[in-house]
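To start, the structure under review is shown below, and the notes come after it.
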Protein chains: 2
Amino acid sequence: MARYAKEHKQVTRQRIIEKAGQRFKQDGIDGSGISTLMSDAGLTNGAFYAHFASKDDLVAHVVADELRTQVARYGTARPGRPGLEDLVRDYLSPEHRDHPGVGCPSAALLDEIGRCEDGTKQAYTDGARAIVEEIAARLAPEDPRSARGKAIGLFTMMVGTLQLSRALSDRKFADEVLEEGVENALAFMR
Amino acid sequence: MARYAKEHKQVTRQRIIEKAGQRFKQDGIDGSGISTLMSDAGLTNGAFYAHFASKDDLVAHVVADELRTQVARYGTARPGRPGLEDLVRDYLSPEHRDHPGVGCPSAALLDEIGRCEDGTKQAYTDGARAIVEEIAARLAPEDPRSARGKAIGLFTMMVGTLQLSRALSDRKFADEVLEEGVENALAFMR
DNA sequence: TCTATGGTCTGACGTTCGTAATATTATGGT
DNA sequence: ACCATAATATTACGAACGTCAGACCATAGA
């Protein structure tokens, strides 16, 4: 009785969310229009409102999805501090800096999220908690709660460093920021 | 020969820049239209193009002005590390978090600046250099160059911490981030 | 096999808002 | 009174969000 497989809409919706995540991280939330987002997903603007109530609604789901994905990916690194050091080096790399579309959502969107409506901030809050816990668990596997503060510091320094490096027009300075960032993060961890 | 005092246009221009700085930090660059910016300055949109070639042109001047002002203000703190500690506590305060319009331009706009055209990034780069030098001079008055890396780390952690606190919908968590941020920053300094 | 169903998507539209540009008016020092 | 200047008001044009009627077509059921 139906034209599509019953999962079809869910699949489409997920594709919209994932493509929108890339686009937002590249061009910003305000900088990405509905038409562009839908065309990224291989659809036209008209189909958008069959999937989401509004752009804000999409943004909240994208933020949640992005953070969930990030936490899942971080969970696959080798365990404990060595894995965390890998993550730091990977995070503060020129590749990550130069490809925001497939990178950390916080580095790309954090200040814009701070200006979003509450639904989006709520989604971000949940994700941020999970990230902090993931980092804390690696800093102090035996007592993660004791490392919460340090985990927050490490995370914020990484995000700020990547953002700063992206905002600099002088490549030498931008590279220096990343290199010092790795030093600083590793020093701060210990 | 002229209707206004010869400085009049300069004064108006400066007023536009300063008001635009506040507006950008509150609503974002993409989130602020020319009409709003001009009405903030007590003018109408039509007068804009007598002062700036384009919105991008304004943005670059605003970024330069904001960073210049920030560096000047930081220069007035008491000298050396004690002054730096004051700045850290002031920076990572709920007041600063809750009033982005009169706060740090980096915390409010850094990721958006990373997506701006080169003129704006250049303006930001100059300002960032000055800030790093100001911090380094306080960390190691006798040899600022040796403290450059640490200054970068301190600055990025402060920016990231404030952004994170602003993006959280849970006030308790947001406050925790600020408090841990002060601890982390002071620990990192020494 | 054929057809009716109904979920999904298309594409055009209205309205609002954006940047940008131009024409016009108000002003006040010389 | 003149007239250079700065601001206003108006216009153009595109892009934004959101809406809608209808096209499309895979599949269930005859």
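Small disclaimer: the values here were computed from a predicted structure and weren't measured. A, B, ... follow the sequence lines: proteins, then strands. Residue 1 opens every chain. Just so it is clear, the values below take in all heavy atoms, side chains as well, and ignore hydrogens, waters and symmetry mates.
- No salt bridge links B:Asp30 with B:Arg115; every basic N to acidic carboxylate O contact stays at or beyond 4.0 Å.
- The separation between B:Gln10 atom CD and D:dA6 atom P is 10 Å, rounded to whole Å.
- Between A:Lys9 atom NZ and C:dG6 atom P the separation is 16 Å, expressed in whole Å.
- Of all the heavy atoms in A:Leu109 and A:Gly28, the pair that sits closest is CD2-CA, 4.3 Å.
- In this structure, A:Arg13 atom CZ and C:dG7 atom P are separated by 17 Å, rounded to whole Å.
- One interatomic measurement links the two molecules: CG of B:Leu58 to C1' of C:dA20, which rounds to 14 Å at whole-angstrom precision.
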Filtered N/O pairs between nucleotides 8-14 of chain D and protein, under 3.5 Å:
residue	atom	partner	partner atom	Å
D:dT8	OP2	B:Thr44	N	2.8
D:dT8	OP2	B:Thr44	OG1	2.7
D:dT8	O5'	B:Thr44	OG1	3.3

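- Between A:Tyr49 and D:dG18, a side-chain N or O to OP1/OP2 separation shorter than 4.0 Å is present.
- Nearest approach of B:Thr161 to B:Gly181, heavy atoms of both residues: CG2-CA, 4.0 Å.
- Of all heavy-atom pairs between A:Met189 and A:Lys150, the closest is O-NZ, 3.4 Å.
- Scanning all heavy atoms of the two residues, the minimum distance from B:Leu67 to B:Gly127 falls at CD1-C, 3.6 Å.
- Aromatic ring pairs are classed by plane angle as parallel below 30°, tilted from 30° to 60° and perpendicular above 60°; the pair A:Tyr91 and A:His96 is perpendicular.
- For D:dA7, one of the phosphate oxygens OP1 or OP2 lies less than 4.0 angstrom from a side-chain nitrogen or oxygen of B:His51.
- For B:Met38 and C:dC17, the CE to C1' distance is 17 Å, given to the nearest whole Å.
- For DNA chain D, none of the residues of residues 19-34 of chain B falls under the heavy-atom distance limit of 4.0 Å.
- Remark: side-chain polar atoms of B:Arg81 are paired, donor with acceptor, to backbone N or O of B:Leu139 under 3.5 angstrom.
- OP1 or OP2 of C:dC9 sits under 4.0 Å from a side-chain N or O of A:Thr12.
- Looking at the side chain of A:Lys55, the nearest of the listed nucleotides D:dG18, C:dA20, C:dT8 is D:dG18.
- In this entry the distance linking NE2 of A:His8 with P of C:dG6 reads 18 Å, nearest Å.
- Spacing between atom CG of B:Asp56 and atom C1' of C:dA20 amounts to 13 Å, rounded to whole angstrom units.
- Sorted by first and then second residue, the salt bridge (charged side-chain N to carboxylate O under 4.0 Å, His left out) pairs with a member in residues 91-102 of chain B read B:Arg97-B:Asp175; sequence neighbours excluded.
- Using a cut-off of 4.0 Å between Lys/Arg side-chain N and Asp/Glu carboxylate O, B:Lys172 and B:Glu176 are scored as not salt-bridged.
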